[in-house]
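Worksheet: the structure to be examined is printed underneath.
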Amino acid sequence: QVQVVESGGGLVQAGGSLRLSCAASGRTFTMYGMGWFRQAPGKEREFVAAISRTGGSTYYSDSVKGRFTISRDNAKNTLYLQMNSLKPEDTAVYYCAASKYVSGRVSAAPHYDYWGRGTQVTVSS
């Protein structure tokens, strides 16, 4: 299996930027497609972004498209989420997740096998 741990969350003002990191350990990082999800208080977990094993393909939810960028550095076993033009509605706990599947619905939580503990992102006005 692979273990993933998020970091980089914090408090930022609306319009600001933040970069989240997800450090992976265990089995080969390149075997896994990776995704970011978020969950706000009182709401269900929602898809944010996903990236293929090589980093050649990326996917974004409509709510973050054009503002967030997902990337990975396989040499460092690390996944990133660059968050720009942050809005108060981006406030949530952000989770990274790893999937062993070659194909599937990358925006669906069941597609992913391993999850991190999450990191809090708070965007204030």
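The closest side-chain heavy-atom distance from Glu46 to Arg38 is below 4.5 Å. Contact annotation: the side chain of Val4 never approaches that of Tyr32 to less than 4.5 Å [non-hydrogen atoms, C-beta and beyond]. In this structure, Tyr114 and Gln3 have side chains that are not in contact, with every pair of non-hydrogen atoms separated by 4.5 Å or more. Gln82 is not listed as a side-chain neighbour of Leu18, based on a closest heavy-atom distance of 4.5 Å or more. Within the 4.5 Å cutoff, the side chain of Leu11 has heavy atoms near those of the Ser124 side chain.
Ring orientation note: the planes of His111 and Tyr101 are tilted relative to one another, at an angle of 30° to 60°.
Across Ile51 and Ser71, no two heavy atoms sit closer than the pair CD1-CA, 3.6 Å. When every heavy atom of Val2 is checked against every heavy atom of Ala24, the shortest pair comes out as CG2-CB, 3.9 Å. In this structure, Ala98 and Met34 approach most closely via the heavy-atom pair CB-SD, 3.5 Å. Residue Ala14 comes nearest to Ser125 through the heavy atom pair CB-CA, 4.4 Å, listed as atom of the first residue, atom of the second, then distance. Across every non-hydrogen atom of Ser17 and Ser85, the tightest pair is OG-N, 4.4 Å. Closest heavy-atom contact between Tyr112 and Gly33: CE2-O, 4.4 Å.
Atom-to-atom distance recorded for Asp73:CG and Leu79:CG is 10.5 Å, nearest 0.5 angstrom. Within the model, atoms CE of Met83 and CZ of Arg67 stand 8.0 Å from one another, a figure rounded to the nearest 0.5 Å. Here CZ of Arg53 is found 12.0 Å from OG1 of Thr28. Values are rounded to the nearest 0.5 Å.
For Asp113 (side chain) and Lys100 (main-chain N/O), a donor-acceptor pair under 3.5 Å exists by modelled atom type. Side-chain N or O atoms of Thr119 include one that pairs as donor or acceptor with a backbone N or O of Gly9 at under 3.5 Å.
Side chain to side chain, Thr30 and Asn74 fail the donor-acceptor criterion of an N or O pair below 3.5 Å. Side-chain contact of Ser63 with Ser61: a donor-acceptor pair under 3.5 Å is present, judged by distance alone.
A continuous path of hydrophobic side-chain contacts links Leu86 to Ile70 [ILVMFWY only; heavy atoms under 4.5 Å]. Residue Leu20 is grouped with residue Phe68 when hydrophobic side chains (ILVMFWY) are merged at heavy-atom distances under 4.5 angstrom, including chains of intermediate members. Two different hydrophobic clusters hold Val123 and Val93 under the rule that ILVMFWY side chains link at heavy-atom gaps under 4.5 Å. Hydrophobic clustering (side-chain heavy atoms under 4.5 Å, transitive across Ile, Leu, Val, Met, Phe, Trp, Tyr) groups Met31 together with Phe29. Clustering ILVMFWY residues whenever any of their side-chain heavy atoms sit less than 4.5 angstrom apart, transitively, puts Val12 in the very cluster that holds Tyr94.
Geometrically, Arg72 does not engage Tyr80 in a cation-pi contact, judged by NZ or CZ lying under 6.0 Å from the ring centre and within 45° of the ring axis.
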(Q) Walk me through whether Leu81 and Val48 qualify under side chain to side chain contact (heavy atoms under 4.5 Å, CB included). (A) CA-CA 10 Å; Leu81 184 68; Val48 176; 4.2 Å; yes

Q) Given Cys22 and Val5, is the side chain to side chain contact (heavy atoms under 4.5 Å, CB included) satisfied, shown in steps? A) CA-CA 5 Å; Cys22 175; Val5 180; over 6 Å; no

Q: Carefully, step by step, assess Lys87 and Asp90 under the rule salt bridge (charged side-chain N to carboxylate O under 4.0 Å, His left out).
A: CA-CA 5 Å; Lys87 305 175 180 179; Asp90 294 318; over 6 Å; no

**Q.** Candidate pair Tyr59 and Phe47, rule side chain to side chain contact (heavy atoms under 4.5 Å, CB included), full reasoning
**A.** CA-CA 10 Å; Tyr59 313 85; Phe47 171 74; 4.2 Å; yes

Q) Checking side chain to side chain contact (heavy atoms under 4.5 Å, CB included) for the pair Trp115/Arg45: CA distance, chi angles, key distance, verdict? A) CA-CA 12 Å; Trp115 294 81; Arg45 188 170 298 186; 3.2 Å; yes

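The aromatic ring centres of Tyr95 and Phe37 sit 6.0 Å or more apart.
Heavy-atom neighbours of Glu89 CD from other residues, nucleotides or ligands within 6.0 Å: above the threshold of 12.
Using a 4.0 Å cut-off between charged side-chain N and carboxylate O, Arg117 and Glu6 make no salt bridge.
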